[in-house]
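Take a look at the structure set out below.
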2 protein chains.
Amino acid sequence: MTRPARVSPDRILAAAALEFSERGYAGARVDRIARRAKVNKAMLYYHFSSKQGLYRTLLRQTFGAVAIDLERIAVSGLAPADMLDQAIAALATFIATHTYFPSIMLREVADGGLHLDADTLGALASVPTAFGAILEPGIRQGVFRPMHPVAAYFTTIAPILMFVASTPVRKQLSRRRLMPAAVPLLTPETFLEDLTESLQRAFAAPVTT
Amino acid sequence: MTRPARVSPDRILAAAALEFSERGYAGARVDRIARRAKVNKAMLYYHFSSKQGLYRTLLRQTFGAVAIDLERIAVSGLAPADMLDQAIAALATFIATHTYFPSIMLREVADGGLHLDADTLGALASVPTAFGAILEPGIRQGVFRPMHPVAAYFTTIAPILMFVASTPVRKQLSRRRLMPAAVPLLTPETFLEDLTESLQRAFAAPVTT
DNA sequence: GTCTATACCCTGATAGAC
DNA sequence: GTCTATCAGGGTATAGAC
């Protein structure tokens, strides 16, 4: 039984996740990733061959993991409304355990997939595909109204990603008192409740009595 | 009457908008902005003093312009549901005439406002503030359900930004056939209709007969 | 206001010993 | 697998003539 020494590649990936999420692909510095991972740069190149290679590996793994979480829900056999609740909760949980995910996703969308190869793009595509599979039974059964799955996907995931990723900006705005004093603080919990409620209503088919 | 020669600063801003939206702050190259604006680099530095200064000027103007469009709707005196329709349409129109806006907004959120000064952050904050003013009468009158304005803001604007900004990625996915063949193409028009419908239902107060 | 040439730093990547 | 030293290229910014 070979016990592969994965510890250093894994530490590099973890450090890269932080750095890429904070600075984006172009803003990320290989030196900083190496320092954060407590490896020297040569080690990093030994394992991932280039900044781009490291980036792609990280994104492929991350997108793949999100898709798997969603696919589990799609085949759970739950009622449509419960599946939607679960999907939102799964995204929130994934983000809570992979805090780097929202900003990386947002940036990659803004970058137009510039740094991605076919494999990584495929992993990226598997996320909306899985989400579509979650909604499909509800639409087919007439519990959800007919919607384009991709439209529903963006309507669901975009607010979550943007809300979480915007935490630092919102903190700055509140610290500098740039938002109206009347606006109360918005916690992640309140936001998720609000959003879940919104999406359930948004997707529900009109009652035809 | 002095006729200020604004032509070259304006061309530089237009070129910067393109470059920053395609590559982000860190990925943008001053050389490329100058070349795109058909000015030489020294001219650019003469007008904006630094890459950061140029970036902040662009963002301050852009965020300010969006906020003004929304503020007009907030004071229009329309019915709450019509104001919401108008707000979504205004965002769509602004994006159609300022195609660089979505990716810049997405990236800035991901960057945590790192490159912004107080003025620019203030302009950024004026967007959700204006959106909150649009929803407030509806909530007060009981036409919309009680929601946190910032939650409603993200629920509305995030899908629009992400859908538009994702056009290049979605094109790539469809060109490389990485989405299930069953998923039809999603046009901006269909998306906006779907989203408008979704948000009206999401925000409407439950009917209490 | 406009341009050319250039300083100077930083960054991704590698060579080569161990 | 791990490390030190280093290079080559490209990046922001400025000097200084017109």
Side-chain angles (χ1 to χ4, degrees), chain A residues 1-60 104 107-108 110-111 114-117 120, chain B residues 1-60 104 107-108 110-111 114-117 120:
Chain A
M1 194 64 178
T2 54
R3 183 168 40 81
R6 289 283 313 166
V7 62
S8 113
D10 282 352
R11 272 222 313 276
I12 296 171
L13 278 171
L18 271 182
E19 176 75 6
F20 284 127
S21 78
E22 286 173 9
R23 320 251 183 178
Y25 181 79
R29 296 294 167 249
V30 176
D31 287 32
R32 241 180 336 235
I33 297 177
R35 197 163 354 107
R36 286 179 144 177
K38 289 172 185 145
V39 211
N40 62 58
K41 242 194 315 187
M43 200 66 248
L44 186 154
Y45 281 100
Y46 173 78
H47 282 296
F48 295 97
S49 75
S50 72
K51 181 183 181 181
Q52 197 182 55
L54 173 56
Y55 186 70
R56 288 176 175 173
T57 305
L58 172 67
L59 265 64
R60 215 180 322 114
I104 285 188
R107 285 186 214 268
E108 202 43 49
D111 282 355
L114 192 70
H115 320 286
L116 306 187
D117 54 6
T120 317
Chain B
M1 194 63 175
T2 53
R3 183 169 40 79
R6 290 285 310 169
V7 61
S8 113
D10 283 353
R11 271 221 315 275
I12 295 171
L13 279 171
L18 271 181
E19 177 75 4
F20 283 127
S21 78
E22 286 173 8
R23 319 253 184 176
Y25 181 78
R29 296 293 167 248
V30 176
D31 286 22
R32 238 178 341 232
I33 297 177
R35 198 163 351 108
R36 285 180 146 177
K38 287 172 186 146
V39 208
N40 61 58
K41 242 193 313 187
M43 200 66 247
L44 186 154
Y45 280 100
Y46 173 78
H47 282 297
F48 296 96
S49 74
S50 71
K51 180 183 181 179
Q52 196 183 54
L54 172 57
Y55 185 70
R56 289 175 174 173
T57 305
L58 172 68
L59 264 63
R60 215 180 322 115
I104 286 187
R107 286 186 217 265
E108 203 42 52
D111 282 354
L114 193 70
H115 320 287
L116 306 186
D117 53 6
T120 316

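Chain A is the first sequence line, chain B the second, and so forth, proteins listed ahead of strands; every chain is numbered from 1. As the structure is a computational prediction, the values presented were derived from the model and not from experiment.
In this structure, Q52(A) atom CD and dA13(C) atom C1' are separated by 14 Å, rounded to whole Å. Atom OH in Y46(A) sits about 8 Å away from atom P in dT2(D), given to the nearest Å. Between the CG atom of L54(A) and the C1' atom of dA13(C) there is a distance of 14 Å, rounded to whole Å. Going from atom CD1 of I33(A) over to atom P of dA13(C) covers 11 Å, rounded to whole Å. As a whole-Å value, the separation of F48(B) CZ from dA13(D) C1' is 16 Å. Straight-line distance from the CE atom of M43(A) to the P atom of dG12(C): 18 Å, rounded to whole Å. Rounded to a whole Å, the OH atom of Y55(A) is 20 Å from the C1' atom of dA13(C). Going from atom NZ of K38(B) over to atom C1' of dT2(C) covers 17 Å, rounded to whole Å.
Salt-bridge check for R29(B) with E19(B): failed, with every basic side-chain N at 4.0 Å or more from each acidic carboxylate O.
Taking the side chain as every heavy atom from C-beta outward, Y55(B) and L116(B) approach each other to under 4.5 Å. Using a 4.5 Å cut-off on side-chain heavy atoms (C-beta onward), L54(B) and Y45(B) make no contact.
When heavy atoms are screened at a 4.0 angstrom cut-off, A28(B) is found touching the sugar-phosphate backbone but no base atom.
For A42(A), counting side-chain heavy atoms from C-beta on, the closest listed nucleotide (dA13(C), dA13(D), dT4(D)) is dT4(D). With dT4(C), dT2(D), dG12(C) as the candidates, the nucleotide lying closest to the side chain of H47(A) is dT2(D).
Applying the 4.0 Å criterion to OP1 and OP2 of dG1(D), one finds that S8(A) has every side-chain N and O outside that range. At dC3(D), one or more side-chain N or O atoms of N40(A) fall inside 4.0 Å of OP1 or OP2 (strictly under the cut-off). Residue R29(B) places none of its side-chain N or O atoms closer than 4.0 Å to OP1 or OP2 of dG10(D).
Using a 30° and 60° split on the angle between ring planes, Y25(A) and F20(A) fall in the parallel class, below 30°.
Rounded to the nearest 0.5 Å, atoms CG (D31(B)) and CG (L44(B)) are 9.5 Å apart.
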